[in-house]
Amino acid sequence: MESTKNTEENARGKSIMTDIFGKWWLLILTVALAGFFSIMEHNFLTPSNLLGILSNACLAAIAGCGLTCVMATGEIDFSTGSAMTLSACTMTVLLNSRITDNLALAIVLGLAVSILLGLFNAYLHLCIGIPAFLATLSSSLLAKGVAQWITGGTTIYGGIWDPKAYTFIGQHYLLGMFPMPFVVLVLVGAVILFLMEFTIVGKSLFAVGANQTACEYIGINARKYKLIAFVLCALMCGISGIVQASMANGAGPSMAESYQLLSVMVTVMGGTFLKKGVFNVPGTLLAGILVTMVSNGMIM
């Protein structure tokens with residue numbers, strides 16, 4: 001009896017450890033790698049380097065926040081990088097061609113173009129019936145072609161217009177301490193987290209992803225929420241693209257190619273954190289930081 005009791009206690013203990021590691025492994029890995037890189041390179045944990053990691057992580061993480069909405073519905077969007085590129089190129093071309101000298105208006109128009117791409121993705125998938133991965137992959141090629149056309153196939157530098165205003169979002173600091181890209185990431189992450197966890201829209205997105213047929217039976221319009229998800233994803237990617245252009249002081253037709261799959265990767269990795277198998281914003285943000293940290297640490 002005592003032997004059986006010990007065996008049950010050991011099994012229970014192993015189960016608890018497995019649950020803890022399975023839930024928090026992404027955070028554990030991030031802390032472990034931070035410790036490893038700090039031992040290998042003493043400058044790794046300096047405030048300037050850590051702030052640089054947070055700043056660079058924002059691009060994939062912001063796009064990942066939008067992609068979290070789409071993947072919560074059981075679909076996927078492969079046009080994230082193209083949406084980033086198209087938004088940034090639109091803003092930069094408008095400013096440098098003097099169509100407008102108003103930075104805020106140029107940003108709004110850039111985001112509007114990315115939203116149109118999201119609507120186009122939703123149209124291809126929901127109205128025509130093309131699978132989401134194929135529809136978004138096709139639209140990404142179209143968006144890249146448009147970006148190639150409006151930029152003439154070259155990188156356009158924002159300094160031609162007003163370098164200080166153009167680079168404010170990407171290169172300046174809030175209160176002299178926090179990089180503006182990180183501030184944008186916190187704001188976007190907070191909004192999407194609230195939307196996904198505490199609103200009817202967020203709950204409905206998850207419900208559609210869990211069982212679309214059941215949602216239709218109880219009156220939840222799955223098509224409506226998938227449309228919202230695609231538009232939100234495109235909008236978040238547009239914000240990420242504008243931040244990237246500001247960081248680089250320019251925009252070109254190939255500027256965000258690497259984020260096409262990187263945003264998918266951080267979103268999927270994030271789905272293993274806290275809520276195993278459920279896409280969530282904290283996991284996406286942490287995964288974005290982890291991927292950037294690994295790149296930074298290996299370079300150092």
Side-chain angles (χ1 to χ4, degrees), residues 14-32 57-58 60-80 118 121-122 125-126 131-133 136 185-237 240 259-293:
K14 290 180 181 179
S15 177
I16 293 173
M17 291 300 296
T18 301
D19 289 342
I20 292 175
F21 184 79
K23 185 177 181 180
W24 297 94
W25 77 272
L26 199 61
L27 179 60
I28 294 171
L29 180 61
T30 302
V31 173
C58 80
I62 292 174
C65 284
L67 191 56
T68 299
C69 299
V70 172
M71 297 185 78
T73 66
E75 303 296 347
I76 194 166
D77 190 337
F78 282 124
S79 66
T80 51
N121 287 335
H125 174 57
L126 300 175
F133 79 93
T136 55
L185 174 60
V186 171
L187 293 175
V188 167
V191 171
I192 299 299
L193 177 62
F194 177 79
L195 176 74
M196 296 295 286
E197 300 292 339
F198 303 105
T199 68
I200 295 177
V201 173
K203 302 296 184 183
S204 299
L205 293 177
F206 284 118
V208 170
N211 193 325
Q212 180 173 334
T213 303
C215 288
E216 296 290 355
Y217 277 123
I218 63 175
I220 296 177
N221 189 335
R223 292 165 61 88
K224 168 187 171 182
Y225 288 105
K226 285 188 177 184
L227 171 62
I228 293 173
F230 279 114
V231 171
L232 280 174
C233 181
L235 176 60
M236 295 303 105
C237 291
S240 182
Y259 292 97
Q260 199 95 330
L261 292 179
L262 186 59
S263 58
V264 176
M265 183 177 73
V266 300
T267 306
V268 172
M269 287 176 63
T272 65
F273 179 66
L274 288 180
K275 304 176 181 180
K276 292 186 289 184
V278 178
F279 299 106
N280 61 91
V281 174
T284 299
L285 298 180
L286 184 58
I289 293 172
L290 173 60
V291 170
T292 307
M293 184 186 70

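Just so you know, these numbers come straight off a predicted model, no measurement behind them. Heavy atoms only: backbone and side chains are in, while hydrogens, waters and symmetry mates are out.
Between V208 and I220, the shortest heavy-atom distance links the atoms CG2-CG2, 4.2 Å. Nearest heavy-atom pair, L205 versus A229, reported as atom, atom and distance to 0.1 Å: CD2-CB, 4.1 Å. Scanning all heavy atoms of the two residues, the minimum distance from S79 to T136 falls at CB-O, 3.4 Å. Of all non-hydrogen atoms in F78 and L261, the two that sit nearest each other are CE2-CD2, 4.0 Å. Considering all non-hydrogen atoms of both residues, V266 and G64 come closest at CG2-CA, 4.4 Å. Closest heavy-atom contact between F230 and A132: CZ-CB, 4.0 Å.
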Checklist entry - Under the side chain to side chain contact (heavy atoms under 4.5 Å, CB included) criterion, do F273 and T284 qualify, and how do the steps go? => result CA-CA 8 Å; F273 179 66; T284 299; over 6 Å; no
Next on the checklist: Before you tell me yes or no, could you show the steps for Y259 and T80 under side chain to side chain contact (heavy atoms under 4.5 Å, CB included), namely the whole-Å CA-CA distance, both residues' side-chain angles and the distance that decides it to 0.1 Å?
Outcome noted: CA-CA 7 Å; Y259 292 97; T80 51; 5.7 Å; no
Item to check | Worked check of side chain to side chain contact (heavy atoms under 4.5 Å, CB included) between M71 and V268 | outcome: CA-CA 9 Å; M71 297 185 78; V268 172; 3.7 Å; yes
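Note that the CG atom of L290 and the OG1 atom of T30 stand 4.0 Å from one another [nearest 0.5 Å]. Distance check: M236 CE to I192 CD1 gives 4.5 Å after rounding to the nearest 0.5 Å. In this structure, CG in D77 is found 6.5 Å from CG in L67, a value given to the nearest 0.5 Å. I289 CD1 to L185 CG: the interatomic distance, rounded to the nearest 0.5 Å, is 7.0 Å. Going from atom CZ of F206 over to atom SG of C69 covers 8.0 Å, rounded to the nearest 0.5 Å. We find the CG-OG1 distance between L286 and T272 to be 9.0 Å, quoted to the nearest 0.5 Å.
Side-chain atoms of M269 and V291, non-hydrogen and from C-beta on, do get closer than 4.5 Å to each other. You'll find the side chain of E197 stays beyond 4.5 Å of the side chain of V281, heavy atoms only. Residues V70 and T267 have side chains not in contact (no heavy-atom distance under 4.5 Å, counting atoms from C-beta outward).
Checking each of S240, S263, C237 against I62 for a side chain to side chain contact (heavy atoms under 4.5 Å, CB included) leaves exactly one that passes, namely S240.
Contacts of L187 classified as side-chain contact (heavy atoms from CB on, under 4.5 Å), with partners at least two apart in sequence or in another chain: V183.
The backbone N or O of M196 lies less than 3.5 Å from no partner atom in the side chain of K203, so there is not a single donor-acceptor pair.
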